[in-house]
Trainee: 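What follows is a structure written as structure tokens; I'll ask about it next.
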Protein chains: 2
Amino acid sequence: MPKTVAERADILPVLGEVFREHGFEGASLSLIGARTGLGKGSLYHFFPGGKEDMAVAVLTEIEAWFATRIFKPLREDANAARAIADMLRAVEEYFKSGQRVCLVGALALNDSRDQFAPRIRGYFAAWTEALESALIRAGHGPKKARGRAEETLATIQGALVLGRALHDPAVFPRILARLKKRLVGD
Amino acid sequence: MPKTVAERADILPVLGEVFREHGFEGASLSLIGARTGLGKGSLYHFFPGGKEDMAVAVLTEIEAWFATRIFKPLREDANAARAIADMLRAVEEYFKSGQRVCLVGALALNDSRDQFAPRIRGYFAAWTEALESALIRAGHGPKKARGRAEETLATIQGALVLGRALHDPAVFPRILARLKKRLVGD
DNA sequence: GTCTATAGAGTGATAGAC
DNA sequence: GTCTATCACTCTATAGAC
């Protein structure tokens with residue numbers, strides 16, 4: 001008896017975790033089926049394009065989350081320094097202190113799947129620009145803000161890699177704390 | 001007519017590139033066969049343990065390269081500031097200005113393959129310690145050196161992710177230049 | 001004859017597509 | 001749940017160096 005009522009939106013978070021944990025290639029349909037509790041039929045009903053379709057849907061959801069929770073405040077908050085500190089806090093929570101990997105970053109390293117490239121680029125471009133805007137408003141000097149934004153994003157991504165590699169849950173929060181000091185003082 | 005004489009060491013660089021470009025899961029044996037020009041017989045002759053064996057061999061070669069070219073000078077060069085600058089230069093060249101990905105970092109993000117974990121951790125631990133040592137000798141203060149080494153490695157790894165994501169070959173060299181300024185002045 | 005490097009047909013299992 | 005392609009891997013059979 002089918003019809004347990006699932007919605008596309010309900011399974012996106014699960015899909016995201018599976019892709020994060022196993023990568024795109026490593027996330028097999030049977031694994032996805034097991035984790036979502038859905039048969040292949042349902043999966044192809046929700047995502048006619050198969051696995052790539054699923055990954056694109058997950059990326060779209062991630063983009064939307066970051067756009068409203070991170071990029072928008074960075075661009076619009078009157079208190080730019082606070083927006084930057086909030087970003088670092090949100091990032092620490094989102095990536096569960098480094099226990100959770102950045103799916104967009106992980107896909108960037110393993111491309112060869114060109115379909116994801118524009119979304120991956122868009123995510124990091126939007127983040128860089130939003131942070132640059134906040135840095136300028138926080139008094140960082142328009143000339144230096146761009147480079148600092150770029151370096152900050154690199155450090156966040158790399159901190160996820162390093163924390164994971166060293167199996168040390170203290171690494172990610174520690175590096176974020178250093179970033180905070182440098183960007184907004186304290 | 002067999003016997004064209006290949007050696008294990010000769011195909012390691014090719015294997016490294018295939019794993020870098022496609023990831024561990026994405027590097028199929030047929031792809032590996034095509035890229036190395038070797039049949040399965042030869043591949044399994046050199047690497048009886050199959051794909052994992054190949055990846056371990058590549059990681060071992062990478063470790064050795066970094067140990068002699070990067071870690072040793074960092075620990076031993078009497079001129080520590082020069083050793084750090086040399087490290088940044090070597091890294092820029094090794095990763096081909098960001099066009100080439102760090103296999104160790106990429107594997108760290110996609111683990112679930114626990115066999116690689118100790119090697120991955122060893123690589124980053126050795127790098128962190130060597131850089132910390134050089135920073136201390138360059139006058140960075142023992143208390144701060146550790147954190148700076150950690151953050152530097154994260155920034156390098158993240159710069160690879162970001163450069164790749166943005167498809168901008170200028171990103172990686174630009175971030176390395178900022179690192180150099182901060183670490184050894186200029 | 002033995003050892004090393006080779007090729008590739010053939011194995012069962014499992015992948016993703018539908 | 002059925003399909004076909006492809007997966008990692010095994011095995012037998014080679015040729016040439018010693």
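Note that the coordinates shown come from a computational prediction; the quantities given were computed from them, not determined experimentally. Naming: A, B, ... by sequence-line order, numbering from 1 per chain.
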Trainee: Please name the residue in the list R164(A), R35(A), R100(A) that meets the salt bridge (Lys or Arg N to Asp or Glu O under 4.0 Å) test with E21(A).
Mentor: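 Result: among R164(A), R35(A), R100(A), R35(A) is the only option passing the salt bridge (Lys or Arg N to Asp or Glu O under 4.0 Å) with E21(A).
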Trainee: Measuring to OP1 and OP2 of dT14(C), would you say a side-chain N or O of S30(A) lies under 4.0 angstrom away?
Mentor: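 Answer is no, no contact under 4.0 Å.
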Trainee: Between dT14(C) atom P and K51(A) atom NZ, what is the distance in whole Å?
Mentor: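 These atoms are roughly 15 Å apart.
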Trainee: Would you be so kind as to tabulate the donor-acceptor pairs closer than 3.5 Å made by side chains of residues 85-92 of chain B, with sequence neighbours excluded?
Mentor:
{"unit_1": "D86(B)", "atom_1": "OD1", "unit_2": "R89(B)", "atom_2": "NH2", "d": "2.6"}

Trainee: By the side-chain hydrogen bond (donor to acceptor under 3.5 Å, both in side chains) test, which pairs, at least two apart or in different chains, include something from residues 72-82 of chain B?
Mentor: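 For residues 72-82 of chain B, and leaving out neighbouring residues, the side-chain hydrogen bond (donor to acceptor under 3.5 Å, both in side chains) pairs sorted by first residue read K72(B)-E76(B), D77(B)-R82(B).
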Trainee: Can you pull out how bent the helix from dG1(C)-dC18(D) to dC18(C)-dG1(D) is, comparing the axes over its first five and last five pairs, to 10°?
Mentor: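 Answer rounded to 10°: the end axes differ by 10°.
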Trainee: Provide, to the nearest angstrom, the distance between the CE atom belonging to M54(B) and the P atom belonging to dC7(D).
Mentor: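 To the nearest whole Å, that distance equals 13 Å.
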Trainee: Can you tell me how far C1' of dA8(D) sits from CD of E25(A), to the nearest Å?
Mentor: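 Spelled out: CD on E25(A) to C1' on dA8(D) is 15 Å.
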Trainee: Return all side-chain donor-acceptor pairs below 3.5 angstrom for residues 41-59 of chain A, not counting sequence neighbours, or 'none' if the list is empty.
Mentor:
{"unit_1": "K51(A)", "atom_1": "NZ", "unit_2": "F24(A)", "atom_2": "O", "d": "2.8"}
{"unit_1": "K51(A)", "atom_1": "NZ", "unit_2": "A27(A)", "atom_2": "O", "d": "3.0"}
{"unit_1": "D53(A)", "atom_1": "OD2", "unit_2": "G49(A)", "atom_2": "N", "d": "2.9"}

Trainee: Which donor-acceptor pairs under 3.5 Å do side chains of residues 148-155 of chain B form with protein atoms, sequence neighbours excluded?
Mentor:
{"unit_1": "R148(B)", "atom_1": "NH1", "unit_2": "H140(B)", "atom_2": "ND1", "d": "2.9"}
{"unit_1": "E150(B)", "atom_1": "OE1", "unit_2": "R174(A)", "atom_2": "NE", "d": "2.9"}
{"unit_1": "E150(B)", "atom_1": "OE1", "unit_2": "R174(A)", "atom_2": "NH2", "d": "3.3"}
{"unit_1": "E150(B)", "atom_1": "OE2", "unit_2": "R174(A)", "atom_2": "NH2", "d": "2.7"}
{"unit_1": "E151(B)", "atom_1": "OE1", "unit_2": "R178(A)", "atom_2": "NE", "d": "2.8"}
{"unit_1": "E151(B)", "atom_1": "OE1", "unit_2": "R178(A)", "atom_2": "NH2", "d": "3.1"}
{"unit_1": "E151(B)", "atom_1": "OE1", "unit_2": "R182(A)", "atom_2": "NH2", "d": "2.9"}
{"unit_1": "E151(B)", "atom_1": "OE2", "unit_2": "R182(A)", "atom_2": "NH2", "d": "2.4"}
{"unit_1": "T152(B)", "atom_1": "OG1", "unit_2": "R148(B)", "atom_2": "O", "d": "2.6"}
{"unit_1": "T155(B)", "atom_1": "OG1", "unit_2": "T155(A)", "atom_2": "OG1", "d": "2.9"}
{"unit_1": "T155(B)", "atom_1": "OG1", "unit_2": "E151(B)", "atom_2": "O", "d": "2.7"}

Trainee: Whole angstroms only, please: what is the CG-P distance between D10(B) and dT6(C)?
Mentor: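 Rounding to the nearest Å, CG of D10(B) and P of dT6(C) are 9 Å apart.
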Trainee: Run the ring pair (Phe, Tyr, Trp, His ring centres under 6.0 Å) test against Y123(A) and tell me which residues pass, sequence neighbours left out.
Mentor: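 Expected list: F66(A), W127(A).
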Trainee: Salt bridge (Lys or Arg N to Asp or Glu O under 4.0 Å) with R137(A): which residues, sequence neighbours excluded?
Mentor: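 R137(A) satisfies salt bridge (Lys or Arg N to Asp or Glu O under 4.0 Å) with no residue once adjacent residues are dropped.
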Trainee: In residues 34-47 of chain B, which ones come under 4.0 Å of DNA chain D, going by heavy atoms?
Mentor: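 Listed by number, they are K40(B), Y44(B).
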Trainee: Please tabulate, for the side chains in residues 101-109 of chain B, all donor-acceptor contacts under 3.5 angstrom to protein atoms that are two or more places apart in sequence or on a different chain.
Mentor:
none

Trainee: I want to verify a distance call: between dA15(C), dA17(C), dC9(D), whose nearest atom is closest to the L29(A) side chain?
Mentor: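 It is dA17(C).
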Trainee: Atom CD of E52(A) to atom C1' of dA17(C): distance rounded to whole Å?
Mentor: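 Rounded to whole Å, this separation is 13 Å.
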